[in-house]
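Submitted below is the structure of interest, expressed as structure tokens.
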Amino acid sequence: MEMIKGYNEAEIINDGSSSILPKGAYQMIILGVHMQNSKSGNGKYIEFDLDVAEGEYKGFFDKLYSEAEENKVWRCRYYVNIPLGDGSDKDAFKLRMFKTFINNVEDSNSGYTWNWNEDSLTGKLVGGLVVNQEFVSRNGEVRSGTVLAKTCPIQDVIDGTYRMPKDKKLPSFKNQFKPVEDMELPFD
């Protein structure tokens, strides 16, 4: 391959993606709340932008965002589906997940009571459990990072009484095919 013209002068893109928050439990703060429509168009969810509120990694995601020169994306999001109220099993699960999240926020913020205004969640604290997650990169490589997998009351983080979810690994495709013992093919 010949050297590409301008290669030596080109700047490297700094999107902050090389920094990864270690797996663990964190005191988090909700910085943004966005109501979104589902891709199917028949539901809604709330997208939360969070950051670490205390400790060694305080402001971790704000720093990543501020330092990114290109591809500025908030790197700590948590999603909560809004139940439709249709009585289905799937909707009952969404309702339990929604109520659990709201309860975690209420338990983490003395005097706060959910008032059905999603904007009132901005600035509230909640415990966050961050796990390792495997993913396939744009170039097809299996890589790993961390993701906010679950919330809990902030006191559980302080006391160490939380239950850490399992890491999120890609499905393994090893040994799903049996080796062919008879090499004789029907069309030989």
Side-chain angles (χ1 to χ4, degrees), residues 16-17 19-68 71-133 135 145-168:
S17 63
S19 297
I20 298 174
L21 183 67
K23 175 180 177 175
Y26 297 92
Q27 297 178 51
M28 310 288 286
I29 185 167
I30 299 169
L31 297 175
V33 180
H34 316 281
M35 185 71 75
Q36 305 285 356
N37 291 317
S38 65
K39 289 180 184 176
S40 66
N42 61 355
K44 291 185 179 273
Y45 63 93
I46 303 176
E47 177 183 272
F48 296 94
D49 299 336
L50 295 103
D51 204 349
V52 179
E54 296 292 331
E56 175 184 356
Y57 294 99
K58 181 178 180 177
F60 182 84
F61 294 103
D62 183 52
K63 182 179 178 198
L64 280 182
Y65 187 82
S66 297
E67 290 176 354
N71 302 323
K72 281 188 173 275
V73 176
W74 193 260
R75 301 216 182 258
C76 184
R77 293 224 162 106
Y78 191 73
Y79 304 92
V80 178
N81 287 306
I82 306 297
L84 299 172
D86 64 10
S88 67
D89 288 343
K90 187 176 180 181
D91 202 56
F93 178 75
K94 287 180 183 179
L95 180 59
R96 288 192 307 272
M97 294 297 291
F98 181 82
K99 188 169 184 177
T100 298
F101 177 79
I102 295 299
N103 186 67
N104 290 339
V105 173
E106 287 179 330
D107 286 353
S108 300
N109 296 275
S110 180
Y112 175 73
T113 302
W114 170 240
N115 61 6
W116 296 99
N117 175 1
E118 65 273 10
D119 291 332
S120 72
L121 295 165
T122 301
K124 299 299 181 271
L125 299 172
V126 69
L129 305 178
V130 173
V131 299
N132 295 316
Q133 178 179 19
F135 61 94
T146 52
V147 63
L148 177 58
K150 188 176 178 183
T151 65
C152 65
I154 210 162
Q155 195 62 46
D156 289 1
V157 171
I158 294 166
D159 296 343
T161 57
Y162 53 87
R163 191 170 141 220
M164 185 62 78
K166 292 181 180 178
D167 290 340
K168 297 182 177 199

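Just so it is clear, the structure is predicted and the values come from calculations on it, not from any experiment.
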Side chain D107, main chain P153, donor-acceptor under 3.5 Å: no

Nearest heavy-atom neighbours spanning M28 and C76: CE-SG, 3.6 Å

Interatomic distance, R96 atom CZ to D91 atom CG [nearest 0.5 angstrom]: 10.5 Å

Check: F60 ring centroid to Y26 ring centroid under 6.0 Å: no

Close side-chain approach of V105 to I30, heavy-atom, < 4.5 Å: yes

Value rounded to 0.5 Å, distance of CG in D51 from CG in D62: 6.0 Å

Rounded distance [0.5 Å steps], NZ in K58 versus CD1 in I29: 8.5 Å

N/O donor-acceptor pair under 3.5 Å between N104 side chain and V126 backbone: no

Value rounded to 0.5 Å, distance of SG in C152 from CG in N103: 11.5 Å

Polar side-chain atom of N81 near backbone of K94 as donor-acceptor pair, under 3.5 Å: no

Parallel, tilted or perpendicular: rings of W74 and F61 (30°, 60°): tilted

From CA spacing to verdict: side-chain contact (heavy atoms from CB on, under 4.5 Å), I158, Q27: CA-CA 8 Å; I158 294 166; Q27 297 178 51; 3.6 Å; yes

Gap between atom OG1 of T151 and atom CG of L129 - 0.5 Å precision: 7.5 Å

Which atom of I154 lies closest to which atom of L125, heavy atoms considered: CD1-CB, 3.7 Å

Nearest-0.5 Å distance, CZ of residue R75 to CG of residue L148: 15.5 Å

D49/R77 under side-chain contact (heavy atoms from CB on, under 4.5 Å): CA gap, chis, key distance, verdict: CA-CA 5 Å; D49 299 336; R77 293 224 162 106; 2.6 Å; yes

F93, CZ: over 12 other non-hydrogen atoms inside 6.0 angstrom: no

Under 3.5 Å donor-acceptor, K63 side chain and G59 backbone: no

Smallest separation among heavy atoms of S38 and Y45, with atom names: CA-CE2, 4.1 Å

Y78 and F101 aromatic ring geometry - parallel, tilted or perpendicular at 30°/60° bounds: parallel

side-chain contact (heavy atoms from CB on, under 4.5 Å) between V131 and M164, worked out: CA-CA 8 Å; V131 299; M164 185 62 78; 3.9 Å; yes

Closest non-hydrogen atom pair, E118 against V33: O-CG1, 3.5 Å

Within 6.0 angstrom of N117 CG, more than 12 heavy atoms from elsewhere: yes

Under 3.5 Å: donor-acceptor pair, side chain of T146, backbone of L21: yes

Neighbour count >12 (heavy atoms, 6.0 Å) for atom CE, M35: yes

D156 side chain vs T161 backbone, donor-acceptor pair below 3.5 Å: no

Trace of the side-chain contact (heavy atoms from CB on, under 4.5 Å) decision for I102 with L121: CA-CA 9 Å; I102 295 299; L121 295 165; 4.3 Å; yes

Side-chain donor or acceptor of N132 paired with backbone N/O of D167 under 3.5 Å: no

